[in-house]
Amino acid sequence: MNISRIDLNLLVYLDVLLREKNVTKAADQLGISQPAMSNGLKRLRTLFDDPLLIRTSQGMTPTERAQELQPTISELIIGLEKAVQPRAEFNAAESEQVFRVMASDYAEATLIPPLIARLRTEAPNVILDIMTPSDVSFPDVEQGRVDMVINRFDSIPQSFHQKVLWSDDFSCLISKTNPVLDKFSLDSYLKANHVWVSKTGMGVGVGMDPGDVQRLGWVDEALTKIGVQRRITVFTRHYQAACLLAEQQDLIATIPSKMAKQHENNERVCIVPPPFIIQPIALTMAWSPLLQHNPAHKWMRQLITQTADSFGRESLLK
């Protein structure tokens, strides 16, 4: 039997007929005429090659085949009704959903803390599973196993949805005892020792080559454009580590400004603009098209966007 040729209305008729065991009552319940219901029963008998309901002294009695069909048809109708009902709104206040979010170290140190603060107020039972770039691959995101990824990406699959959360420029985090501050210039910057920190994209990282400028990222690309190169003595993938290392007298950490401002109350360091131009970077959120219309996912994306907007405004006021 070709299921595409079956009129689903007939299954609705059968479900009601098997419950009411009366053509007139079934017709009234469905709001159709008795002749229409009788015609429907005739078509059902042809479809299943069985009388289905037989008139007896007790009224219309289901056949053995009809009794076998009843639970299956009833379950099918219930499933179809659920499928076509409008999707329920996501109730954040009562939800216990787990959201898996891949966040770069930069995003985790800047965006995630104010996001968690908002979750505690708006959705106290929601759980956030924060993953690192090396935990996740693009296929994981594409198949919806990870809700969203937040990072600075060199490239993203075209099928993904994405939103830029903010742009950020760069600052230098330097120990207050570092003599480079006596006359901070491009020349003194280049003569100093530097901490390199970055991790774009996703996947397992590999060791860095100080001579491979193309892979060193935004700061070193900016220096290459003006024909110079800095002296990197420490490579790290963690911004918090870079900020702690900047407390040492002989190291400079050139990092995104929103990250640097996390340490503006640290009495051991100061924040100064770099002595050359570095193009701003964009923090981007990306997610699978499979989750685009999911109510819970839409709510979380909106909350992340609102948090990023608020954090950006607070950063400008400081």
Side-chain angles (χ1 to χ4, degrees), residues 99-123 126 128-133 136 138 141 146-158 160-173 196-202 216-222 236-243 246 253-266 271-274 276-288 291-292 297-318:
F99 289 94
R100 291 181 173 82
V101 180
M102 187 286 283
S104 65
D105 179 64
Y106 165 63
E108 189 172 10
T110 54
L111 174 66
I112 298 301
L115 175 64
I116 291 176
R118 291 195 62 165
L119 282 173
R120 289 293 167 265
T121 300
E122 300 181 29
V126 160
L128 206 59
D129 181 7
I130 304 170
M131 310 173 80
T132 69
V136 176
F138 279 132
V141 183
V146 176
D147 288 288
M148 64 269 297
V149 289
I150 304 174
N151 204 342
R152 293 158 294 141
F153 299 99
D154 293 327
S155 62
I156 297 177
Q158 290 186 352
F160 284 19
H161 294 277
Q162 58 180 290
K163 180 178 181 59
V164 174
L165 297 176
W166 67 50
S167 292
D168 200 0
D169 55 15
F170 284 81
S171 296
C172 295
L173 201 62
W196 176 96
V197 56
S198 184
K199 183 67 171 78
T200 60
M202 287 153 52
L216 291 180
W218 304 274
V219 176
D220 298 280
E221 286 178 4
T236 180
R237 277 72 178 170
H238 302 284
Y239 279 97
Q240 293 290 8
C243 293
T254 306
I255 58 178
S257 295
K258 284 183 173 59
M259 184 69 222
K261 286 182 179 180
Q262 303 296 301
H263 296 265
E264 62 185 352
N265 295 323
N266 185 340
I271 303 170
V272 297
F276 56 99
I277 297 173
I278 308 172
Q279 291 298 314
I281 58 171
L283 183 68
T284 301
M285 173 172 62
W287 61 94
S288 168
L291 296 172
Q292 170 68 3
H297 200 270
K298 289 171 67 176
W299 174 85
M300 177 56 80
R301 295 197 308 266
Q302 184 179 30
L303 186 68
I304 290 173
T305 300
Q306 291 172 349
T307 303
D309 290 344
S310 176
F311 184 86
R313 287 194 298 271
E314 291 174 1
S315 297
L316 289 173
L317 294 173
K318 290 182 178 180

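The figures here come from the full heavy-atom set of this structure, side chains too, leaving out hydrogens, waters and symmetry mates.
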Do you know which two heavy atoms are closest between [X] and [Y], and how far apart they sit?
| X | Y | value |
| --- | --- | --- |
| Ile130 | Ala103 | CG2-CB, 4.1 Å |
| Ala246 | Ala253 | CB-CB, 3.9 Å |
| Met102 | Val146 | N-CG1, 4.1 Å |
| Pro274 | Ile278 | CG-CD1, 4.0 Å |
| Ser257 | Ser171 | OG-OG, 2.8 Å |
| Met259 | Asp168 | N-OD2, 4.4 Å |

Minimum side-chain heavy-atom gap [X]-[Y] below 4.5 Å:
| X | Y | value |
| --- | --- | --- |
| Phe153 | Gln162 | no |
| Tyr239 | Gln262 | no |
| Ile271 | Glu264 | yes |
| Met285 | Thr305 | yes |
| His263 | Gln240 | yes |

Mind checking the [atom1]-[atom2] spacing from [X] to [Y]? Nearest 0.5 Å is all I need.
| X | Y | atom1 | atom2 | value |
| --- | --- | --- | --- | --- |
| Leu115 | Thr307 | CG | OG1 | 5.0 Å |
| Ile304 | Leu119 | CD1 | CG | 8.5 Å |
| Arg152 | Trp218 | CZ | CH2 | 4.0 Å |
| Phe99 | Asp129 | CZ | CG | 12.0 Å |
| Thr284 | Ile150 | OG1 | CD1 | 10.0 Å |
| Gln306 | Glu122 | CD | CD | 7.0 Å |

Side chain of [X], backbone of [Y]: donor and acceptor closer than 3.5 Å?
| X | Y | answer |
| --- | --- | --- |
| Arg301 | Gln292 | yes |
| Asn151 | Ser104 | no |
| Asp147 | Arg100 | yes |

Q. Got more than 12 heavy atoms from elsewhere within 6.0 Å of CD1, Ile277?
A. no

Q: Would you please test Tyr106 and His238 for side-chain contact (heavy atoms from CB on, under 4.5 Å) and show each step?
A: CA-CA 8 Å; Tyr106 165 63; His238 302 284; over 6 Å; no

Q | Pairing residues for Pro157 by the side chain to side chain contact (heavy atoms under 4.5 Å, CB included) criterion, not counting sequence neighbours | A | Phe138, Ser159, Phe160

Q | Reference residue Thr254; test side chain to side chain contact (heavy atoms under 4.5 Å, CB included); the match among Leu173, Val197, Val219 | A | Val219

Q.
Apply side-chain contact (heavy atoms from CB on, under 4.5 Å) to residues Gln279 and Glu221 and explain how you reach the verdict.
A. CA-CA 9 Å; Gln279 291 298 314; Glu221 286 178 4; over 6 Å; no

Q. Can you name the ring pair (Phe, Tyr, Trp, His ring centres under 6.0 Å) partners of Phe276, sequence neighbours left out?
A. Tyr189

